[in-house]
Amino acid sequence: MESELRGFNTKPSKTPQPDPTHDDASSRDDRPLLTSVSNVLELEKKCAAYVRNDVYGAMGRGELPLMEKLQLGIAFVTLLPLRIILVMTVLVVYYLICRICTLFSVPNHGEGQEDYAHLGGWRRTVILPSGRFLSKTLLFLVGFYRINETHNGSKNSQENSKTAGTLQPDEPEQRPGAIVSNHISYLDILYHMSSSFPSFVAKRSVANIPLVGLISKCLGCVYVQRESKSSDFKGVSGVVTDRVCKAHQDEYAPKILLFPEGTTTNGDYLISFKTGAFLARAPVVPVILKYPYQRFSSAWESVTGVRHVVFLLCQFVNHVEVTWLPVYYPSQLEKDDPKLYANNVRRLMASEGNLILSDIGLAEKRIYLATLNGNNSMPSVLRQKDD
């Protein structure tokens with residue numbers, strides 16, 4: 001509806017209290033903060049978190065310099081096919097490992113989920129180390145020859161975490177319930193698989209993708225039907241909260257990785273956090289990812305998946321920087337208010353990662369992408385009547 005694009009509200013809409021029995025995505029008011037768009041340039045200022053700033057431009061269709069065209073052409077006929085073959089080989093190898101390890105095993109079923117995260121013994125011993133090693137191999141094959149990791153963050157981050165937390169010096173450390181990370185690209189998942197091999201939230205359709213589907217089940221992924229409003233299941237937040245609690249209480253339970261932003265950004269911003277990762281009131285480990293670049297940004301913004309993969313594989317070298325902050329222990333006040341907990345973790349990550357805070361979310365992103373595609377009408381998911 002074009003009327004939805006008139007006016008600009010600088011204040012975020014009031015967010016209702018989270019309900020652990022419902023999908024966190026649906027409990028939030030998803031109507032956009034921005035409601036005025038006169039042209040793409042104005043929209044880019046308001047949706048700066050989603051704008052590509054590399055030489056490839058919006059949608060990866062910018063006018064490239066001659067030297068970039070030459071480098072892209074050479075890589076397209078030499079590097080691209082070689083990397084595709086090697087990546088597919090590694091993917092098939094790990095699929096076969098997962099297939100062998102799940103033979104004669106019954107997957108977990110419950111709340112619309114299906115996974116093999118419960119597997120133990122030799123099966124888990126094979127799945128985890130091989131998964132981490134092959135994930136590192138995949139990163140190397142696509143040009144991430146060196147991963148710059150910083151653990152425990154700065155002294156300032158440790159002091160902030162201790163100030164916010166309730167852990168006393170004479171109390172034993174609590175096991176974190178989740179890893180929370182900013183979200184820039186599908187490459188984020190590959191890095192985290194190489195580092196800690198956690199479960200993560202994925203679209204339900206991922207479970208049916210050849211090769212990848214079985215691998216995601218071995219990871220113990222939580223599958224999401226974003227547009228579903230069915231009341232048959234407890235919802236994403238309920239399933240995620242259960243997983244976080246189990247990971248917090250049981251050292252043998254699989255870790256879970258959550259992207260509280262709910263979508264990707266260009267890597268310079270940190271947008272609004274959803275509260276799903278914080279409803280369990282368990283400690284979390286904040287992680288900050290960055291992909292420094294000179295030519296092509298690894299951020300998966302305003303560009304199709306195929307185009308992004310092609311450009312990525314045509315880069316001779318890619319870079320990633322990772323900062324692992326100390327475990328964040330919530331105070332009692334934060335435990336009682338998941339939104340406060342989420343906001344405090346978000347501010348800490350923005351401070352330590354030199355990221356810009358922005359209150360926009362998925363709704364604004366959909367408007368921006370619709371405008372880039374020449375569709376000035378409001379996406380159907382945003383066609384809601386005012387209260």
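Excluded from the calculations below are hydrogen atoms, water molecules and symmetry mates; all remaining heavy atoms, backbone and side chain alike, are included. Residues take their numbers from the sequence shown, with the count starting at 1. Every value quoted in this text rests on a predicted model; they were computed, and no experiment measured them.
No more than 12 heavy-atom neighbours from other residues, nucleotides or ligands sit within 6.0 angstrom of CZ on Phe133. The number of heavy-atom neighbours closer than 6.0 Å to OH of Tyr145, taken from other residues, nucleotides and ligands shown, is above 12.
In the model, Arg346 has no side-chain atom that pairs as donor or acceptor with a side-chain atom of Asn343 under 3.5 Å.
Between Glu68 and Arg295 there is a salt bridge, since at least one side-chain N of the basic residue sits less than 4.0 Å from a carboxylate O of the acidic one.
In summary, of the residues considered (Asp188, Thr264, Thr263, Thr265), a side chain to side chain donor-acceptor pair (under 3.5 Å) with His183 occurs for Asp188 alone.
Partners of Lys365 according to the salt bridge (Lys or Arg N to Asp or Glu O under 4.0 Å) rule, which considers only residues two or more places apart in sequence or in another chain, are Glu301. The salt bridge (Lys or Arg N to Asp or Glu O under 4.0 Å) check on Lys255 picks up nothing, with sequence neighbours excluded. Glu149 is linked by a salt bridge (Lys or Arg N to Asp or Glu O under 4.0 Å) to nothing, counting only residues two or more places apart in sequence or in another chain.
Applying the salt bridge (charged side-chain N to carboxylate O under 4.0 Å, His left out) rule to pairs touching residues 69-89 yields Glu63-Lys69, sequence neighbours excluded. Under the side chain to side chain donor-acceptor pair (under 3.5 Å) criterion, the residue pairs touching residues 84-104 are Tyr95-Arg99, with sequence neighbours excluded.
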Next on the checklist: Please evaluate residues Ile179 and Ser196 with respect to the criterion side chain to side chain contact (heavy atoms under 4.5 Å, CB included), reporting the C-alpha separation (whole Å), side-chain torsions for both, the decisive distance (0.1 Å), and the verdict.
Outcome noted: CA-CA 9 Å; Ile179 300 169; Ser196 52; 3.4 Å; yes
Next on the checklist: Go through it in stages, so that I can follow the logic: the residues are Arg281 and Asp336, the test is salt bridge (charged side-chain N to carboxylate O under 4.0 Å, His left out), and I'd like the CA-CA distance, side-chain angles, deciding distance and then a yes or no.
Outcome noted: CA-CA 8 Å; Arg281 307 193 296 178; Asp336 296 336; 3.8 Å; yes
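Hydrophobic cluster membership for Val106: none, as no Ile, Leu, Val, Met, Phe, Trp or Tyr side chain comes under 4.5 Å of it.
By the 30° and 60° cut-offs, the orientation of the rings of Tyr191 relative to Trp324 is tilted. The aromatic rings of His308 and Trp300 sit tilted relative to each other, their planes meeting at an angle between 30° and 60°.
Checked by atom type and distance alone, the side chain of Asn266 pairs as donor or acceptor with a backbone atom of Ala48 at under 3.5 Å. Looking at His248, its side chain never comes within 3.5 Å of a backbone N or O of Pro176 through a donor-acceptor pair. Here the side chain of Thr275 pairs no donor or acceptor atom with the backbone of Phe278 at under 3.5 angstrom.
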